[in-house]
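In this text, all values refer to a predicted model and were calculated from it rather than measured experimentally. Both backbone and side-chain heavy atoms feed into the values below; hydrogens, waters and symmetry mates do not. In what follows, chains carry the letters A, B, and so on, assigned in the order in which the sequence lines appear, proteins first and then strands, with residues in each chain numbered from 1.
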2 protein chains.
Amino acid sequence: MRRWNGWGEEGDEYALSDDARAFLAARIGPGRAPHDASLQQVVERVGASRLPSSGHGFETDAKIRVLHARGQSFPDWIALRCGRIGPCADGVALPSSHDEAAQALASARKLGAIVVPYGGGTSVVGHLNVPASDRPVVNISLARMNRLMVVDDKAWLGTFGAGTPGPQVEAQLRAHGFMLGHFPQSYPYSTLGGWVVTRSSGQQSLRYGRIEQMFASGRLATPRGQWSVGGVPASSAGPDLREVVLGSEGRLGLLTEVSVRLRRLPEEESFHGVFFPNWASAIDAVRAMVQADLPLSMLRLSNEVETETQLRLAGHPQLILWLQRYLGMRGIDEGKCMLMLGVTGTLAECRRTRRDALAIAKRHRGVHVGKGMGKAWVRNRFRGPLLRNALWALGYGADTVETCVNWPKATALMRAIEQAAHDALAGDDERIHAFTHLSHVYRQGCSIYSTFVFRSAGDADADLERWRKLKTRVSEVIVAHGGTISHQHGVGVDHAAYLPAEKGALGMDLLRAVAREVDPDGMMNPGKLFT
Amino acid sequence: MRRWNGWGEEGDEYALSDDARAFLAARIGPGRAPHDASLQQVVERVGASRLPSSGHGFETDAKIRVLHARGQSFPDWIALRCGRIGPCADGVALPSSHDEAAQALASARKLGAIVVPYGGGTSVVGHLNVPASDRPVVNISLARMNRLMVVDDKAWLGTFGAGTPGPQVEAQLRAHGFMLGHFPQSYPYSTLGGWVVTRSSGQQSLRYGRIEQMFASGRLATPRGQWSVGGVPASSAGPDLREVVLGSEGRLGLLTEVSVRLRRLPEEESFHGVFFPNWASAIDAVRAMVQADLPLSMLRLSNEVETETQLRLAGHPQLILWLQRYLGMRGIDEGKCMLMLGVTGTLAECRRTRRDALAIAKRHRGVHVGKGMGKAWVRNRFRGPLLRNALWALGYGADTVETCVNWPKATALMRAIEQAAHDALAGDDERIHAFTHLSHVYRQGCSIYSTFVFRSAGDADADLERWRKLKTRVSEVIVAHGGTISHQHGVGVDHAAYLPAEKGALGMDLLRAVAREVDPDGMMNPGKLFT
């Protein structure tokens, strides 16, 4: 059963070794175990639904409303853990088809209700927050729309219910000899429709593309009726309206059905660890690889602190010691940076690509340590968020920010983000453990993904305040450096204040004009993306 | 000097052999040489500018107004040839910078004028038509904004004035060791800004991408002030507003500066002719190649009639006879289809890709005839439109339509388009010579590009009527088959009636809402894209 107040399945733990605990304690001080509220306590505190007792099709049971009230942002996390979850929807609908979703929307409209669409509940930026409103609020969950409806094996298209989560996307396609290849860290729970409306990007986007490139067409239920976008491979017939749905974060209606571009299963896949003596050589190597158009499936480069952290948290101190010695003999020591390199394709392609990539790495003093690190990475590729549970149990909060920027700005922005994080809590005399990797690379630039671990204050308000300082400071730095406020998580409420800096006043007006046109009464997910 | 009433430079002719003339006469009957108006005649007939005599910055000379009045659509062509060019702008501005363009726009606004932006004048769907209006109309030409302003050799970006035509884009980049790779047939004259606002696609988009993939950021002068879009490699921060500018056809303002993603020059490039015994095997081979992700730079597949036409028009009857004999011995005869296959990249990549592509071709009974046909194709790759001049001089009109559709519909739609063309003039007892190629291929489907040659009636109104019947019938067939109304030419006025079929009523409302927001007075290129 899925955890109601954290990541993952009940009982699935990310074990932190004593060594890892000591490492953290040394970096930022010892934590204090928290006192968490129970689901029962939270459910009991929830107010009664404001919906009429029947005839509208929404479930009004307190528990189901609580289970849809929050995502996985830091404020969501704190709210769930301390048991003050804030406003809950007044009802939840779980349609099984486009027509049922359209009915639920029509019913919400009749009730004068606000709609918060719900996919896999994995948003980390507040997409799911229920606004405090005089109007009733309902969740419409796409969870029951989780089936592969059509496969076109000539055009290589698959049409799914928008609520299909990652594993069910891939399992249903595999039965037809196809795959999609979208693997964000939230993959176990996040859904195809969620990926589209938040412009998600997966770990192997280098090969498979971002969701923008996969999204062929979609069907929406909107306050103004049914709307379809896309359908042909390419077109010059005016602005591409798929691109308006991508990133619309529920403001334009319910995305109910999604057709995606498929791939055949690769013959082979492997992931390789490569260590560089320092950041400068590592980032140059990665840029050289992507600008050489090598058909790699992943380039994921950890900076010095992330590399050290991963080695300390790996849980195999003897192996790591051996690795460090080997690297030391090759001149790679303090300040080393680890690159995880994904190779996917036909046997011949993989052999060639691996050879070409490692040759570039070597020219930049990179040392290949084989597939062992890669196998460990694969085992844990979707387990990272579990670490948040483990850290919390030790009295630490954790959050991430991410952005994307052109190559000339990448290193400076990465350093500035970490510095801003350190500075944010310096006034409280609290240290932050901050580390970063480049998770997605492009010929033009890269994404920057930073993780922050800090001590819980033992009090929800104080924890939120720490997070707010951190988030504000870091977001301001991102904006000041010309980075996007999000490369893969979306805007939600947490990033909404920073969007005008990159869209411009006129751009924001356009977004508002589009939403107003589709949703004249402002019933769709208000407060998300823009205010 | 560029021709004022046709394609290409004065004196640059596409020679049609006697054999080619006989071929056409046999297919659709002999043509009659036309009587064309002279530029002098047209200039004399143009009404006086309605602009005040000075103080607004627009040139009002009749000749410059005539030279900006029309593009290259069939109605444009007829208008120029018969000398009834319809409304001309009242003035033309030729700004040299973003600020000057913004000034021209402000001046137009003060005059209460409508603005028709002008790039290379190569639109084939009526983007440049000057509306008959009580308001004055001005052209703002970007022709003087033709310089490479900045090269970022780390992010591989180049920023250009939006009026830079193809050859000047590539020549200026080559000096820095870079290239763009956008080669539409209009390349000698069409401009970077024009490519963006019409969502253009070049002959080697298989390698270099459509303009959507190249367009990194842009700066616009709009009725509501300056607006910038894009700038980072990728983002999940809401809908991508680059995608609203792409295909906006002048409705949102003047695109003045464009930053594009660059490539290094390839080590090698070659084009290869491959003949297949029939259409079914040829299209299967092409689909197999693109779905195998072979890093080809072009796949251009001619159908039976286009293959025959190209061989007859090639102007080397002896060589062609030899080729036909050779192919005949290999079992390829009547009904054969020619594929032009582009291979571009490093030496090793080219060798490999050529080998893999030819292996797939062979499995589908394709016969490689070497690089000779490819070299001929390269020589003429941008000269196709000159054929229109030559045909007109013989008394024939020519036009093209293009669309894009998923693989399962491709052959049926191609046949239906040609059949519709034949049917369109059957009532007039006129035959049409119709032939087709697939010019761009995707894993999901392909574009379909058909050419029609028909006899001129010797009278402008009758010619236009023939064209209108043809265009209407073919467009209806495209819509009925679910094709897009344009894969690479845009919407303009000629396709505007068919856009709602693919965008939906709600989609059209969104486009109108966006335009209204940026351009509340409706001064930007009204009537284009949508009404």
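Defined by atom type and a distance below 3.5 Å, a donor-acceptor pair is missing between the side-chain atoms of B:Arg443 and B:Gln291. Defined by atom type and a distance below 3.5 Å, a donor-acceptor pair is present between the side-chain atoms of A:Arg219 and A:Gln226. Inspection of the A:Thr403 and A:Thr484 side chains reveals no N or O donor paired with an N or O acceptor under 3.5 Å. Using modelled atom types and a 3.5 Å distance limit, the side chains of A:Lys528 and A:Asn525 yield a donor-acceptor pair. Side-chain polar atoms of B:Thr344 and B:Ser297 form a donor-acceptor pair below 3.5 angstrom.
Across all their heavy atoms, B:Val232 and A:Gly482 have their closest contact at CG1-O, 3.7 Å.
Aromatic ring pairs are classed by plane angle as parallel below 30°, tilted from 30° to 60° and perpendicular above 60°; the pair B:His440 and B:His487 is tilted. Using bins of under 30°, 30° to 60° and over 60° for the plane-to-plane angle, the ring pair B:His182/B:Trp195 lands in the tilted bin.
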Tell me, with the steps shown, if B:Leu157 and B:Ser259 meet side chain to side chain contact (heavy atoms under 4.5 Å, CB included).
CA-CA 6 Å; B:Leu157 292 173; B:Ser259 180; 4.0 Å; yes
Take B:Glu349 and A:Arg352 through the test salt bridge (Lys or Arg N to Asp or Glu O under 4.0 Å) and record every step on the way to the result.
CA-CA 11 Å; B:Glu349 195 181 2; A:Arg352 197 163 62 223; over 6 Å; no
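For A:Arg512, no part sits under 4.5 Å from any heavy atom of chain B, backbone or side chain. If you measure heavy-atom distances from A:Leu510 to chain B, the contacts under 4.5 Å come from both the backbone and the side chain. Contacts between A:Arg264 and chain B at a heavy-atom distance below 4.5 Å are absent for every atom of the residue. At a 4.5 Å heavy-atom cutoff, A:Ser201 makes no contact with chain B through either its backbone or its side chain. In this structure, chain A has a heavy atom under 4.5 Å from the backbone of B:Asp153, while its side chain stays farther away. Both the backbone and the side chain of A:Lys503 come within contact range of chain B, judged by heavy atoms closer than 4.5 Å. Heavy atoms of A:Val405 lying under 4.5 Å from chain B belong exclusively to its backbone. Residue contact with chain B, scored on non-hydrogen atoms closer than 4.5 Å, involves the backbone of A:Leu262 exclusively. Residue contact with chain A, scored on non-hydrogen atoms closer than 4.5 Å, is absent for B:Ser205. Only the backbone of A:Thr198 comes within less than 4.5 Å of a heavy atom in chain B; its side chain stays farther off.
Chain B forms more heavy-atom pairs under 4.5 Å with one residue of A:Val441, A:Val518, A:Val125 than with any other, namely A:Val518. Of the listed residues (A:Ser228, A:Gly504, A:Gly231), the greatest number of heavy-atom pairs within a distance under 4.5 Å of chain B belongs to A:Gly231. In terms of heavy-atom pairs under 4.5 angstrom with chain B, the leader among A:Val245, A:Ile211, A:Asp152, A:Val197 is A:Asp152. Note on B:Gly445, B:Ala234, B:Ser235: by heavy-atom pairs under 4.5 Å with chain A, the leading option is B:Ser235. With chain B as the partner, the residue from A:Trp156, A:Trp407, A:Tyr442 showing the most heavy-atom pairs under 4.5 Å is A:Trp156. When the candidates B:Val229, B:Ile485, B:Val244 are compared by the number of heavy-atom contacts under 4.5 Å with chain A, B:Val244 comes out ahead. For the set A:Gly492, A:Gly345, A:Pro239, A:Gly247, the count of heavy-atom pairs under 4.5 angstrom toward chain B peaks at A:Pro239. Ranked by non-hydrogen atom pairs under 4.5 Å with chain A, the options B:His489, B:Glu249, B:His495, B:Arg287 are led by B:Arg287. Ranked by heavy-atom pairs under 4.5 Å with chain B, the list A:Lys409, A:Arg261, A:Arg251, A:Arg263 is led by A:Arg263.
Atoms CG and CH2, from A:Leu506 and B:Trp227 in turn, are 6.0 Å apart once rounded to the nearest 0.5 Å.
Using a cut-off of 4.0 Å between Lys/Arg side-chain N and Asp/Glu carboxylate O, B:Glu212 and B:Arg242 are scored as not salt-bridged.
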